[in-house]
Amino acid sequence: MIGVTENLRIVSDLLHSAAIEAGRDPAGVRLLAVSKKQPLEKIREAHAGGQCDFGENFVQEGVEKIETLADLDLTWHFIGHLQSNKTRVVAEYFDWVHTIDKLKTARRLSEQRPDKLPPLNVCLQVNVDDEDSKSGVLPAAVPELAAACAELSGLRLRGLMCLPAIRDDFEEQRKPFATLRELRNQITQSGIEMDTLSMGMTADYRAAIFECATIVRIGTALFGARN
Ligand SMILES: *Cc1c(COP(=O)(O)O)cnc(C)c1O
């Protein structure tokens with residue numbers, strides 16, 4: 001059986017090659033290891049292999065892991081749907097939130113971010129497919145939300161995130177990522193700073209890297225199937 005250490009090497013090589021192929025500096029693509037529903041030992045193994053960024057989708061599970069692994073120097077990203085009554089623990093425990101889609105949630109996180117911690121890094125989740133079932137803010141509403149979030153002192157607006165519907169074809173996979181990239185460019189040109197495009201998972205990381213992803217969120221390819 002191939003372990004996490006070997007998978008980490010394989011995935012890192014794949015991201016590196018995709019960046020080169022896309023004409024990009026591989027250092028501009030950061031791997032976020034999605035550890036939801038994965039045991040602590042696998043996180044420790046990934047960390048021993050040099051991985052520092054981990055993503056969790058569920059508040060309780062994430063907080064328990066952060067507390068148990070407090071002896072390691074890890075950066076924790078919240079990437080699940082965030083209910084506004086769960087913001088306090090997220091503001092207290094996590095380093096990043098990728099899934100902001102309401103000003104109310106952003107305001108609460110900002111107010112609840114402890115003073116002793118640096119501002120919480122946030123990305124706005126964009127509903128690039130315009131599907132009713134998906135969370136995220138519609139593209140047309142993103143500039144206004146970005147401008148409002150940039151004003152919140154407990155937050156540091158880092159960029160945009162998306163989770164498009166699964167597509168098989170590479171060129172089709174690129175389209176929603178291109179939409180996110182163009183939206184980011186439009187907003188930065190208006191004078192709001194953002195350095196992050198959080199996009200791409202095990203099935204579509206390559207298309208995301210071709211469209212300038214700076215963070216790719218990989219679970220299955222690193223840790224195997226989830227329970
Ligand atoms: C689970 C999840 C991932 C990782 O998905 P894989 O297909 O296992 O790589 C990435 N992003 C989000 C938001 C997720 O919920």
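Side chains included, hydrogens not; waters and symmetry mates left out as well; all remaining heavy atoms used. First listed ligand is number 1; within each ligand, the first listed atom is number 1.
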Aromatic ring proximity, centroids under 6.0 angstrom, Phe78 and Tyr93: no
Pairwise distance CD1(Ile100) to CG(Leu145) - rounded to 0.5 angstrom: 8.0 Å
Residue Glu172 excluded, over 12 heavy atoms near CD under 6.0 Å: yes
Determine all donor-acceptor pairs shorter than 3.5 Å in which one atom belongs to a side chain in residues 199-208; sequence neighbours excluded.
from, atom 1, to, atom 2, distance (Å)
Thr202, OG1, Ala221, N, 3.3
Asp204, OD1, Met201, N, 2.7
Arg206, NE, Glu21, OE1, 3.4
Arg206, NH2, Glu21, OE2, 2.8

Backbone N/O of Asp95 and side chain of Asn121: donor-acceptor pair under 3.5 Å: yes
Atom pairs and distances, ligand 1 N/O vs protein N/O under 3.5 Å:
from, atom 1, to, atom 2, distance (Å)
ligand 1, 8 (O), Thr220, N, 2.8
ligand 1, 8 (O), Thr220, OG1, 2.5
ligand 1, 8 (O), Arg226, NH1, 2.8
ligand 1, 8 (O), Arg226, NH2, 3.2
ligand 1, 9 (O), Thr202, N, 3.1
ligand 1, 9 (O), Thr202, OG1, 2.6
ligand 1, 9 (O), Gly219, N, 2.8
ligand 1, 11 (N), Arg217, NE, 2.8
ligand 1, 15 (O), Lys36, NZ, 2.7
ligand 1, 15 (O), Asn57, ND2, 2.7

Within 6.0 angstrom of Asp73 CG, more than 12 heavy atoms from elsewhere: no
